[in-house]
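No experiment lies behind these values; they were computed from the predicted model shown. Nothing fancy with the numbering, it's 1 onward along the sequence.
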Amino acid sequence: MAKIAFYTLGCKVNQADTASMETLFLRAGHQIVSFDGDADVYIINTCVVTNTGQRKSRQTIHRAIRKNPNAVIVVTGCYPQTAAEEVKAIAGVDLIIGNQDRAQIVKMVEERLQHRQVDTFDAVHKLTASTEFEEMAAGDITDKTRAFLKIQEGCNQFCTYCIIPYARGPLRSRSLSGIRTETERLVSAGFKEIVLIGIHLGCYGKENPGGATLYDAVKTVLAVPGVQRVRLGSLESVEVEPRLLELMREDSRFCRHLHLPLQSGCDKILQAMHRPYSTAKFKSLLADIRAAVPDIAVTTDVIVGFPGETEEDFAATCEFAEGCGFSKMHIFPFSSRKGTPAEKFAGAVTEAVKKDRADALGKIDEAMHRSFLQGMVGQTAEVLFEQPAGEYFEGLTGNYQRVFVKSEGKNLGGEILPVKITAFDGEKLLGELIK
């Protein structure tokens with residue numbers, strides 16, 4: 001039995017991949033330990049979506065090597081998939097696995113551990129490309145409330161700023177039977193909420209024209225006995241089918257929250273980004289969504305400082321975003337990624353201007369977020385309680401808002417209970433359990 005430590009950078013999909021790999025090691029009889037402690041194997045699941053993510057990935061690899069030079073160091077994820085030679089050049093890395101073949105990670109690590117007993121050899125590289133979905137068990141060994149179930153991998157959109165299609169490969173989807181099996185396992189393990197995630201979630205099944213769609217995947221999960229909540233990860237506004245909204249309206253277990261990346265509120269910039277909509281199209285789709293599900297919460301992503309973005313373009317983004325009434329915006333300064341078309345675009349924006357624009361948009365986000373929370377006061381919501389927070393217990397509503405309730409000494413963890421939202425104290429929502 002070896003002690004295995006994981007460190008995960010980046011997105012929810014990476015977190016789900018790590019949880020799947022942890023499960024594989026546990027099933028093989030190994031022990032999962034803290035990355036800050038002593039381990040026989042350190043596995044770094046990397047990110048390259050921004051320069052910061054890539055730098056942190058590299059720093060974490062070096063940190064693991066310094067921590068225990070005798071340990072097996074494994075680097076997986078998007079960094080080795082997109083910059084293999086750079087990772088190979090790091091002395092001390094034993095095993096390199098990209099975004100495929102991770103179902104074999106236990107076997108590869110065990111073989112490496114055995115070889116270290118008798119000799120030393122160069123890092124083993126496993127960087128294959130695949131058109132088949134790699135079906136691994138989902139779940140999180142530390143949290144039994146929400147499980148992230150990856151049902152889709154890869155992206156064919158090729159937005160000009162994005163490295164992910166190069167890192168994750170083409171579209172491929174988990175089978176409906178695989179989704180059902182994993183959902184049954186997660187429900188029996190005690191998970192209360194299933195979050196369906198993917199690199200391009202709205203394209204679930206689209207590699208097989210005429211086959212299953214995201215609607216079918218959601219229906220499959222909801223059909224499993226014992227499922228209490230289903231939530232969707234990020235998807236494009238143009239991929240929100242009317243029947244998906246109808247299902248959300250009809251089944252209270254289907255969480256009324258969508259994350260729809262906007263990226264820019266300026267048509268010139270959207271076109272340069274190779275996004276699949278205009279601002280008019282996005283606004284129209286948002287109106288259709290809210291007409292179908294009036295109490296839905298919509299969150300988004302916005303990139304500021306894209307090459308060629310003028311002050312007028314940024315002002316247009318601010319005005320458009322404010323008019324959308326998002327419950328939350330995630331704001332990212334543009335990060336040039338080597339190998340993407342945008343890397344060579346003219347009109348680079350300085351880091352100082354990017355920061356100023358992010359700060360300005362952040363103020364709009366704060367005002368919209370506060371307004372949304374204030375609007376929830378007086379409403380009743382089903383809250384999935386997660387953990388204690390001082391005198392309170394905190395949890396998430398179906399529309400993805402955090403609520404704090406005085407627990408009076410009770411352990412509410414893992415329970416879904418009706419709550420009356422009583423106040424917004426300027427920072428958080430407060431509520432009372434409905435007896």
Side-chain angles (χ1 to χ4, degrees), residues 12 139-140 142-149 183-184 186-197 218-233 244-259 289-299 325-328 368-435:
K12 291 280 196 305
D140 187 324
T142 61
D143 176 16
K144 290 294 184 183
T145 54
R146 306 170 70 224
F148 294 94
L149 175 55
T183 301
E184 289 171 344
L186 292 168
V187 169
S188 66
F191 288 96
K192 300 298 191 298
E193 179 176 306
I194 311 295
V195 187
L196 302 182
I197 59 173
V218 176
K219 286 280 285 184
T220 296
V221 174
L222 287 170
V224 173
V227 167
Q228 297 188 46
R229 259 193 190 179
V230 179
R231 188 184 301 280
L232 294 179
L244 204 60
L245 296 172
E246 184 179 346
L247 184 59
M248 187 178 286
R249 187 174 63 245
E250 293 176 350
D251 195 324
S252 61
R253 297 174 299 161
F254 190 6
C255 292
R256 298 185 172 192
H257 164 239
L258 290 174
H259 185 79
I289 290 167
R290 288 185 168 137
V293 189
D295 58 343
I296 197 169
V298 179
T299 54
F326 298 114
S327 62
K328 183 65 183 173
M368 283 194 295
H369 184 56
R370 291 170 65 93
S371 175
F372 187 88
L373 293 180
Q374 189 65 55
M376 288 187 66
V377 175
Q379 296 182 14
T380 298
E382 296 286 319
V383 176
L384 171 55
F385 287 97
E386 295 178 323
Q387 60 193 3
E391 62 179 320
Y392 297 97
F393 229 94
E394 64 176 287
L396 280 176
T397 63
N399 65 355
Y400 208 60
Q401 305 306 313
R402 200 155 286 281
V403 176
F404 294 77
V405 171
K406 287 192 176 180
S407 60
E408 299 174 353
K410 298 177 183 176
N411 180 9
L412 305 178
E415 294 192 58
I416 299 178
L417 299 170
V419 170
K420 177 70 175 291
I421 309 297
T422 57
F424 171 57
D425 69 1
E427 293 184 358
K428 60 185 180 294
L429 289 174
L430 302 176
E432 295 176 352
L433 291 176
I434 297 175
K435 304 292 185 178

With respect to F372, which candidate in R370, Q374, M376 satisfies the side-chain contact (heavy atoms from CB on, under 4.5 Å) definition? M376
For the backbone of [Y] and the side chain of [X], can you confirm whether one donor and one acceptor N or O come within less than 3.5 Å of each other?
X	Y	answer
K192	G190	yes
R253	V227	yes
T422	L430	yes
R402	L429	no

Any chance [atom1] of [X] has more than 12 other-residue heavy atoms, nucleotides or ligands included, within less than 6.0 Å?
X	atom1	result
E250	CD	yes
K328	NZ	yes
K420	NZ	no

Minimum heavy-atom separation for [X] and [Y], please, with both atom names.
X	Y	value
A381	T397	CB-CG2, 3.9 Å
E415	N411	OE2-O, 3.7 Å
V403	G431	CG1-N, 4.1 Å
A297	N399	CB-O, 3.3 Å
C255	G398	CB-O, 3.2 Å
F385	F393	CE2-O, 3.8 Å

Compare all side-chain heavy atoms of [X] with those of [Y] and state whether any distance is below 4.5 angstrom.
X	Y	result
L247	L222	yes
L149	V230	no
L433	L412	yes
V383	V405	no
E193	Q228	no

Can you tell me how far [atom2] of [Y] sits from [atom1] of [X], rounded to the nearest 0.5 angstrom?
X	Y	atom1	atom2	answer
R229	T145	CZ	OG1	10.0 Å
I289	I296	CD1	CD1	6.0 Å
H369	S327	NE2	OG	7.5 Å

Stepwise, does the side chain to side chain contact (heavy atoms under 4.5 Å, CB included) test hold for E386 with R146? CA-CA 9 Å; E386 295 178 323; R146 306 170 70 224; 3.1 Å; yes
Any residue meeting salt bridge (charged side-chain N to carboxylate O under 4.0 Å, His left out) with E432, in chain and number order, not counting sequence neighbours: none
Residues two or more places apart in sequence or in another chain: which of them pass salt bridge (charged side-chain N to carboxylate O under 4.0 Å, His left out) with E391? K406
Given I194 and L186, is the side chain to side chain contact (heavy atoms under 4.5 Å, CB included) satisfied, shown in steps? CA-CA 8 Å; I194 311 295; L186 292 168; 3.9 Å; yes
Hits for ring-ring contact (aromatic ring centres under 6.0 Å, His included) against Y400, two or more places apart or cross-chain, chain-then-number order -> H257
Among R290, R256, R249, salt bridge (Lys or Arg N to Asp or Glu O under 4.0 Å) partner for D295: R256
Step by step, would you call T220 with L196 a side chain to side chain contact (heavy atoms under 4.5 Å, CB included)? CA-CA 12 Å; T220 296; L196 302 182; over 6 Å; no
